[in-house]
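Take a look at the structure set out below.
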Amino acid sequence: MNNPENPSNNFIRNIVEDDLASGKNGQRVVTRFPPEPNGYLHIGHAKSICLNFGIAAQYNGTCNLRFDDTNPGKESDEYAQAIKEDVQWLGFEWNELKHASDYFDELYDYARELIKKGKAYVDSSSAEEVREMRGTLTEPGIESPHRNRSVEQNLDLFERMKNGEFEEGAHILRAKIDMASGNINMRDPTLYRIRKVTHMRTGDDWSIYPMYDYTHCVSDAMENITHSLCTLEFEDHRPLYDWVLDELQTPAHPQQIEFARLSLEYTMLSKRQLIKLVEEKQVSGWDDPRMPTITGMRRRGYTPAALRDFCERIGITKNDAWIEMAVLETCIRDDLNEKSPRRMAVLDPIKVVITDLPEDHNETLSFANHPQNESFGRRPVAFTQQIMIDRDDFSEDPPPKYQRLVPGGEVRLRGSYVIKCEEVIKDEQGNVIELRCSHDANTLGKKPEGRKVKGVIHWVSATEGVKAEVRLYDRLFTIANPLSADSLESVINKDSCITMSSCFVEAALADAQPEEQFQFERLGYFVADRRDHKSGAPVFNRTVTLRDTWAK
RNA sequence: UGGGCCGUCGCCAAGCGGUUAAGGCACCGGGUUUUGAUCCCGGCAUUCGGAGGUUCGAAUCCUCCCGGCCCAGCCA
């Protein structure tokens with residue numbers, strides 16, 4: 001399953017393979033990823049993107065990117081541009097870039113065909129009346145008084161709707177199916193509504209816009225899609241998808257197949273709710289590194305390869321599955337472990353003075369950039385009399401099995417010498433402000449003689465290191481399913497973003513480029529922030545911590 | 001209560017009438033290690049929501065029951 005050469009099967013791949021074997025679509029596999037450009041893509045969309053583009057790639061097919069832009073007013077080119085960027089960033093190339101609005105003319109003509117066949121009619125009932133006549137889940141609906149208008153009258157009204165002669169809400173075009181159907185989608189669904197707003201592409205050309213259920217199947221057919229993959233909530237819409245294509249002489253009749261949407265613990269993948277987080281400024285924007293959006297994850301330092309691996313690992317089924325965050329984090333670590341050069345950074349510094357070294361001591365050490373891969377090369381690291389270590393790596397009252405620095409104890413400075421804590425300096429409040437240590441000059445690249453020193457801690461030269469800001473991110477919510485809470489606000493993790501503003505990083509990090517990724521040894525994987533990082537003022541985001549098996 | 005769908009290890013997920021019921025994550029050991037990281041090795045479902053039935057043989061077929069999800073936008 002983890003082997004890209006041999007991906008685990010899923011029921012959709014099985015269907016595609018069966019179709020290929022039977023010659024159903026003449027050996028063609030054509031899929032599409034059809035977002036509405038009304039928001040940013042999130043990791044749930046990534047699942048769909050990987051599925052659609054992945055199926056196409058695996059079976060020598062093609063995949064289109066199609067914007068489902070049938071609801072002007074909610075949609076914008078800004079979103080469309082962002083979606084294109086996200087899909088490309090994830091590593092996919094679409095065959096054709098399409099818009100549902102490309103088919104507005106054909107859709108209109110097909111609607112006239114439906115009217116002529118007596119399969120569609122203009123209803124002049126109000127929205128409320130339509131709702132009342134629809135019935136309920138358990139009771140059938142009743143037929144509209146306008147249901148039996150003549151073809152001529154319907155054609156005339158529909159044309160005048162198109163010409164903008166009526167106000168919004170005055171009429172709708174409905175399919176004439178079955179008001180008593182157990183499937184509410186078949187109770188004379190709306191095909192067109194009047195909307196007098198400017199469309200992102202067609203401007204004011206139209207005053208009627210087709211509904212999703214009518215548009216999607218026709219668009220799929222126009223593009224000769226073979227397998228139209230969508231999420232489970234559209235299962236009930238499939239009979240309508242098929243009804244429309246059965247009534248019309250479209251070039252093809254694609255097969256709609258539904259799979260379960262992604263649910264990821266400790267986050268939330270509802271576009272509506274995500275918009276709220278942005279608007280209410282619970283996060284800094286769509287690309288806040290805590291957001292489950294593609295752009296947010298990118299800024300967080302998640303990689304395209306890791307996200308693709310994640311989508312492969314979680315599988316495709318019809319089960320309502322909740323994926324643990326650990327799966328995602330493992331994918332990120334696996335990729336970054338292999339690809340990230342190592343560096344040292346101290347987030348919460350305590351000064352350490354090596355008292356048995358001259359004040360101007362400055363020794364250049366050579367560090368491997370990757371412990372398992374020599375091709376990463378080496379870098380110089382300055383070791384000086386004054387260094388910084390992380391506050392967590394010193395304790396006067398250590399917990400059991402603590403392997404770091406304690407008063408009178410020894411610890412290895414990574415890649416350097418073994419030091420011993422001789423004296424603890426505190427301020428008036430009793431806070432530790434400095435440690436005075438001695439070093440064993442015979443431990444550079446060698447084990448100390450006659451004793452074992454188990455602990456290894458990272459450090460940065462206090463005089464040669466560079467100041468930096470580091471942002472520590474954590475899960476956005478305190479509970480696995482935030483939508484189950486009374487209010488989102490009550491379950492937001494207040495500690496999900498902690499800014500450490502007086503960090504010390506090794507000099508080699510001053511030249512990092514935005515989006516460049518590193519492992520800060522013993523701390524985790526970090527990325528130079530794509531917006532705020534400057535070479536004179538480095539800013540890093542913690543992508544994910546290292547796996548930590550030490551019970552805290 | 002109408003219609004549609006789903007139930008295989010803590011979390012995912014293969015499996016499609018004959019397998020000791022894959023694999024991943026998590027977890028628990030053990031080894032290597034100047035990152036408590038990585039890597040390596042080992043452990044982890046006599047059982048497939050439950051009960052009946054069909055069959056030489058059932059997670060796979062049938063029946064009933066139990067649990068869960070979706071649908072009443074002129075949203076997608």
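Reminder, nothing fancy here: chain letters follow the sequence lines and each chain counts from 1.
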Can you tell me, in whole Å, how much space there is between the [atom1] of [N] and that of [M]?
{"N": "G68(B)", "M": "U33(B)", "atom1": "C1'", "value": "47 Å"}
{"N": "A22(B)", "M": "C12(B)", "atom1": "C1'", "value": "14 Å"}
{"N": "C61(B)", "M": "G15(B)", "atom1": "P", "value": "13 Å"}
{"N": "G2(B)", "M": "U47(B)", "atom1": "P", "value": "36 Å"}
{"N": "C6(B)", "M": "G23(B)", "atom1": "C1'", "value": "22 Å"}
{"N": "G36(B)", "M": "G30(B)", "atom1": "C1'", "value": "16 Å"}
{"N": "A58(B)", "M": "C40(B)", "atom1": "P", "value": "39 Å"}
{"N": "A45(B)", "M": "C62(B)", "atom1": "P", "value": "30 Å"}

Could you tell me which nucleotide pairs with [N] by Watson-Crick or G-U wobble geometry, both distances under 3.5 Å, or answer none if nothing does?
{"N": "G17(B)", "result": "none"}
{"N": "U47(B)", "result": "none"}
{"N": "G67(B)", "result": "C6(B)"}

For G73(B), glycosidic torsion class - syn if within 90° of 0, otherwise anti | syn

Using a 4.0 Å heavy-atom cut-off across all strands, classify [X] as base, sugar-phosphate, or nothing.
{"X": "M186(A)", "value": "nothing"}
{"X": "H458(A)", "value": "nothing"}
{"X": "K452(A)", "value": "nothing"}
{"X": "N14(A)", "value": "base"}
{"X": "L444(A)", "value": "base"}
{"X": "T317(A)", "value": "sugar-phosphate"}
{"X": "S125(A)", "value": "base"}
{"X": "E36(A)", "value": "sugar-phosphate"}
{"X": "G141(A)", "value": "nothing"}
{"X": "Q519(A)", "value": "base"}
{"X": "R342(A)", "value": "base"}
{"X": "A127(A)", "value": "base"}
{"X": "D68(A)", "value": "sugar-phosphate"}
{"X": "L232(A)", "value": "nothing"}

Aromatic ring proximity Y212(A)/F234(A), centre distance under 6.0 Å = yes

For this output row, return yes or no: ring centroids of F104(A) and Y209(A) closer than 6.0 angstrom.
-> yes

N/O (side chain, [X]) to phosphate O (OP1/OP2, [N]) under 4.0 Å:
{"X": "R547(A)", "N": "U38(B)", "answer": "yes"}
{"X": "R261(A)", "N": "C69(B)", "answer": "no"}
{"X": "T136(A)", "N": "A72(B)", "answer": "no"}
{"X": "N319(A)", "N": "A13(B)", "answer": "yes"}
{"X": "T70(A)", "N": "A76(B)", "answer": "yes"}
{"X": "R414(A)", "N": "A37(B)", "answer": "no"}
{"X": "K447(A)", "N": "U34(B)", "answer": "yes"}
{"X": "T330(A)", "N": "A26(B)", "answer": "yes"}
{"X": "T190(A)", "N": "C74(B)", "answer": "yes"}

Side chain of E235(A) - closest among G4(B), A37(B), C74(B) | G4(B)

Just the rounded figure in Å: distance from [atom2] of [N] to [atom1] of [X].
{"X": "E521(A)", "N": "U35(B)", "atom1": "CD", "atom2": "C1'", "answer": "5 Å"}
{"X": "R131(A)", "N": "C74(B)", "atom1": "CZ", "atom2": "P", "answer": "9 Å"}
{"X": "D69(A)", "N": "C75(B)", "atom1": "CG", "atom2": "C1'", "answer": "14 Å"}
{"X": "H237(A)", "N": "A72(B)", "atom1": "NE2", "atom2": "P", "answer": "7 Å"}
{"X": "L328(A)", "N": "C12(B)", "atom1": "CG", "atom2": "C1'", "answer": "13 Å"}
{"X": "D320(A)", "N": "C70(B)", "atom1": "CG", "atom2": "C1'", "answer": "8 Å"}
{"X": "L405(A)", "N": "G36(B)", "atom1": "CG", "atom2": "P", "answer": "14 Å"}
{"X": "L191(A)", "N": "C75(B)", "atom1": "CG", "atom2": "C1'", "answer": "15 Å"}

Per the atom types in the model, does the base of [N] pair as donor or acceptor with the side chain of [X] at under 3.5 Å?
{"X": "D548(A)", "N": "G36(B)", "value": "no"}
{"X": "R238(A)", "N": "G4(B)", "value": "no"}
{"X": "E324(A)", "N": "G10(B)", "value": "yes"}
{"X": "R522(A)", "N": "U35(B)", "value": "no"}

Would you kindly compare V456(A) and E75(A) by the position of their nearest RNA chain B nucleotide and give the one closer to the 5′ end?
-> V456(A)

Residue mapping more 5' on RNA chain B - nearest nucleotide basis, R272(A) or D213(A) = R272(A)

Check the angle between the aromatic planes of [X] and [Y] and answer parallel, tilted or perpendicular using the 30° and 60° thresholds.
{"X": "Y417(A)", "Y": "F383(A)", "answer": "tilted"}
{"X": "W286(A)", "Y": "Y79(A)", "answer": "perpendicular"}
{"X": "F158(A)", "Y": "Y192(A)", "answer": "perpendicular"}

Counting heavy atoms not belonging to R261(A), are there more than 12 under 6.0 Å from its CZ?
-> no

When you look at NZ of K74(A), are more than 12 heavy atoms from neighbouring residues, nucleotides or ligands closer to it than 6.0 Å?
-> no

What residue among F504(A), F526(A), W459(A), Y525(A) forms ring-ring contact (aromatic ring centres under 6.0 Å, His included) with F520(A)?
-> F526(A)

Please say whether the positively charged group of K162(A), taken as NZ for Lys or CZ for Arg, lies over the ring of Y108(A), i.e. under 6.0 angstrom from the six-membered ring centre and within 45 degrees of the axis.
-> yes

Begin from the C-alpha positions of R32(A) and S228(A) and carry the test side chain to side chain donor-acceptor pair (under 3.5 Å) through to its verdict.
-> CA-CA 7 Å; R32(A) 101 270 92 113; S228(A) 180; 3.0 Å; yes

Under 5.5 Å and under 30°: Y212(A) stacked on A76(B) | no

